Enquirer: 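My questions will all concern the structure given below.
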Amino acid sequence: MLFFKDLDLKGKREFLRVDFNVPLDDKINITDDTRIKAVLPTLNFLLEQKARIIIGSHLGRPKGKKDPQFSLYPVSKKLSQLIPHRITLAPDCIGKEVDLLKQKQGSEEVILLENLRFHPEEKQNDDSFAQELAKGADYYVNDAFAACHRAHASIVAITRFVKKAAAGFLVRQEMDYFSRIIEAPQRPYIAILGGAKVSDKIPVLANLILKANAVLIGGAMSYTFFKAMGFKVGKSLVEEEKQELSLELLKKAGEKGVRIFLPSDHIIAREIKPCIEFQTLTRFPIPEDYMALDIGPETVKKYSEFIKNAKTIFWNGPMGVFEIDEFSHGTAGIAKSVAASDSLSIVGGGDSVAAIKKTGMEKNISHISTGGGASLELIANETLPGIEALSEK
Ligand code: AMP
């Protein structure tokens with residue numbers, strides 16, 4: 001995989017793919033600009049080289065048609081506060097008007113294309129759309145790690161229509177860390193998986209069974225496992241159709257000698273809402289009108305012991321409904337233990353990252369990934385379509 005710094009960038013035209021898929025509030029204000037700031041090292045380096053930059057990104061899910069709600073306008077405003085150059089927001093990402101803008105682009109001007117997903121061809125990885133996107137660009141730089149698991153036109157097909165395609169700082173840094181886990185993890189290697197759905201985490205679990213020493217499971221996904229094993233889980237969130245698969249995974253892990261741990265105590269309540277009465281339960285059954293919403297203190301203690309002794313940690317997904325104070329202690333406890341460990345620690349996924357940030361100890365984490373879905377897919381498949389496209393070029 002080429003690194004963009006190794007290219008002769010002086011005066012060249014670059015198509016820079018970024019992930020500016022920032023969260024917006026009701027009034028379309030950006031509530032967290034981390035993703036914009038994450039690309040600044042690459043952007044600034046390109047600007048220092050006097051490269052002419054055309055930036056492409058998606059934002060939200062506009063379903064393949066123009067929708068002002070998903071315009072990159074707020075991003076263009078934010079970006080113009082962060083870099084001294086003029087930012088021109090193009091009316092679209094392809095077409096005559098955009099071509100004209102590219103032709104007239106000044107040396108101190110950065111063109112930000114309008115949302116790539118306003119066209120259905122983006123998600124279809126369509127060649128002619130990709131060719132249009134690449135029009136006028138000498139090189140392609142991918143700094144959108146969080147989108148690298150998508151085989152979309154601006155991530156994969158576009159690399160066929162430029163002279164060279166390379167990784168930016170962010171993609172390179174992410175891959176450097178993940179390679180250390182994938183290729184030769186220092187042991188013990190502990191994976192912590194949480195969140196709502198088992199289905200999202202099945203491929204990653206299947207890989208971890210081969211690679212990790214232990215997997216610590218929390219969050220709602222635990223109850224699909226418990227129910228499959230015949231425990232009464234009350235109203236807890238369960239993916240009924242994934243029960244058989246959960247049992248198969250447990251069996252496979254047993255055969256490989258990998259230990260999969262499930263919570264030994266549970267915080268239960270009747271409803272998912274703040275200020276509701278809750279209890280700590282140390283044994284099944286969970287009463288019929290209750291649901292488990294967090295791991296209990298005993299589980300935090302037990303999991304923390306594993307975390308303390310680990311040399312490599314990968315964490316994705318919250319241990320409970322961390323958005324509500326009463327059910328946030330499990331996730332916070334795990335976040336503190338991961339932050340306190342001396343291991344190589346990689347945390348991915350918005351919720352786990354938010355939990356780490358809440359502890360104020362994020363500097364202790366070796367690497368906070370900018371891609372939740374991408375990091376899961378990378379651990380599961382050991383590569384990503386976007387990375388493959390760069391490597392093949
Ligand atoms: P995911 O996107 O699969 O990582 O799931 C994240 C979501 O899972 C968060 O919004 C949590 O509130 C939710 N979650 C975690 N644990 C539970 C639980 N025990 N019951 C219901 N939802 C949960």
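Everything numeric in this text was worked out from a predicted model, so none of it was measured. Whatever order the structure lists ligands and atoms in, that order sets their numbers, starting from 1.
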Enquirer: Below 6.0 angstrom between ring centroids: does that apply to Phe284 and His266?
Expert: yes
Enquirer: Verify whether the ring centers belonging to Tyr223 and Phe231 lie closer than 6.0 Å.
Expert: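 Not under 6.0 Å, so no.
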Enquirer: Check Asn142, Thr370, Asp176 against Val171 for a side chain to side chain contact (heavy atoms under 4.5 Å, CB included) and give me the one that passes.
Expert: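 The option that passes is Asn142.
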Enquirer: Using the rule side chain to side chain contact (heavy atoms under 4.5 Å, CB included), only one of Leu46, Ile54, Val110 pairs with Leu16; which is it?
Expert: Leu46
Enquirer: Under a 4.0 Å heavy-atom cut-off, which residues neighbour ligand 1?
Expert: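 Residues Gly195, Ala196, Lys197, Asp200, Lys201, Gly219, Ala220, Ala292, Leu293, Pro318, Gly320, Val321, Glu323, Asp351 each place a heavy atom under 4.0 Å from ligand 1, listed by chain and number.
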Enquirer: Side chains of Pro297 and Asp265, heavy atoms from C-beta outward: is any pair under 4.5 Å?
Expert: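 Result yes, sub-4.5 Å side-chain heavy-atom pair found.
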Enquirer: Taking 4.0 angstrom as the limit, do Lys102 and Glu132 come out as a salt bridge?
Expert: no
